[in-house]
Amino acid sequence: MKKSKARKGEEDKRELCQRISKFHSYLREMKTKYAPKSVEDSDWSPLFKLAVDDFETVDYYYELFILESTEEEQKKIYEELKKEIETIERRHFNYRIAEGEQRVAEKRAV
């Protein structure tokens with residue numbers, strides 16, 4: 001059975017809200033997990049820096065799309081916002097893969 005355009009739009013919106021919400025939580029967790037022990041600590045984890053940088057953006061989108069925008073506004077910004085969230089997710093995914101590959105290479109060198 002084919003879904004109506006309105007139903008498909010609602011499902012897409014719900015999926016994007018879930019992605020933004022989950023990624024918002026993930027970034028908050030990463031900020032805590034990889035935070036430096038003290039402000040003077042000069043050895044900040046690149047994951048902490050990445051999470052801090054992207055948290056501000058995702059937090060803005062979270063508030064805008066989920067909490068503040070009307071249904072009509074959500075329809076207008078949906079595609080742009082979806083692409084931006086995918087870009088941020090991909091950056092984190094690629095970084096995590098690179099970090100894992102680096103660890104494997106370091107283990108082989110030992």
Side-chain angles (χ1 to χ4, degrees):
M1 186 156 104
K2 191 172 182 177
K3 295 179 188 175
S4 71
K5 188 175 182 178
R7 182 168 177 160
K8 173 77 170 112
E10 282 301 310
E11 288 177 0
D12 289 347
K13 180 181 124 184
R14 188 172 30 258
E15 179 185 327
L16 183 57
C17 285
Q18 289 172 343
R19 285 177 71 185
I20 293 170
S21 181
K22 285 180 183 179
F23 203 60
H24 189 262
S25 295
Y26 162 80
L27 291 171
R28 189 179 316 112
E29 181 182 317
M30 297 302 287
K31 283 175 46 179
T32 303
K33 182 176 181 180
Y34 292 99
K37 303 293 183 231
S38 70
V39 178
E40 294 83 27
D41 188 356
S42 63
D43 190 26
W44 286 19
S45 166
L47 278 173
F48 174 73
K49 294 176 192 175
L50 190 61
V52 168
D53 291 345
D54 288 335
F55 183 81
E56 295 297 321
T57 302
V58 173
D59 189 53
Y60 169 75
Y61 292 145
Y62 180 84
E63 289 183 15
L64 174 68
F65 194 73
I66 296 175
L67 303 176
E68 297 176 0
S69 60
T70 64
E71 190 173 322
E72 203 55 43
E73 291 168 331
Q74 288 174 343
K75 287 178 185 176
K76 290 179 183 177
I77 63 174
Y78 172 81
E79 285 300 324
E80 181 181 337
L81 184 55
K82 181 181 174 189
K83 287 177 187 175
E84 184 65 27
I85 292 297
E86 287 171 351
T87 299
I88 294 169
E89 287 174 333
R90 196 173 315 111
R91 181 171 45 244
H92 280 262
F93 179 75
N94 290 339
Y95 187 87
R96 299 295 294 231
I97 287 176
E99 184 182 68
E101 289 172 353
Q102 182 179 358
R103 280 193 212 137
V104 168
E106 289 170 356
K107 285 182 181 180
R108 287 182 183 154
V110 173

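One is the number of the first residue; the rest follow in order along the sequence. Remember, it's a predicted structure, so these values are computed and weren't measured experimentally.
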Exercise. Of all residues at least two apart in sequence or in a different chain, which pass the side-chain contact (heavy atoms from CB on, under 4.5 Å) check with E10?
Worked result: K13, E71
Problem set entry | Any side-chain heavy-atom pair of M30 and F55 under 4.5 Å | no
Problem set entry | Validation row: F23, H92 side chains within 4.5 angstrom (heavy atoms) | yes
Exercise. Looking at C17 and F65, what are the two nearest heavy atoms and their distance?
Worked result: SG-CE2, 3.6 Å
Only distances under 3.5 Å count here; give the side-chain donor-acceptor pairs of residues 75-89 to other protein atoms, sequence neighbours excluded, each with its distance to 0.1 Å.
| from | atom 1 | to | atom 2 | distance (Å) |
| --- | --- | --- | --- | --- |
| T87 | OG1 | K83 | O | 2.9 |
| E89 | OE1 | R19 | NH2 | 2.3 |

Problem set entry | Results of side-chain contact (heavy atoms from CB on, under 4.5 Å) for P36 - residues two or more places apart only | D41, W44, F48
Exercise. Who passes side-chain hydrogen bond (donor to acceptor under 3.5 Å, both in side chains) against S4, sequence neighbours left out?
Worked result: none
Exercise. Between S45 (side chain) and Y34 (backbone), is there a donor-acceptor pair under 3.5 Å?
Worked result: no
For this session: Could you list all the salt bridge (Lys or Arg N to Asp or Glu O under 4.0 Å) pairs where at least one residue sits in residues 46-61, not counting sequence neighbours?
Result: D54-R91
Exercise. Can you name the residues that form a side-chain hydrogen bond (donor to acceptor under 3.5 Å, both in side chains) with Q18, not counting sequence neighbours?
Worked result: none
Exercise. In Å, rounded to the nearest 0.5 Å, how long is the span from OG of S25 to CD1 of I20?
Worked result: 12.0 Å
Exercise. Between R14, K8, R7, which is the residue that forms a side chain to side chain donor-acceptor pair (under 3.5 Å) with E11?
Worked result: R7
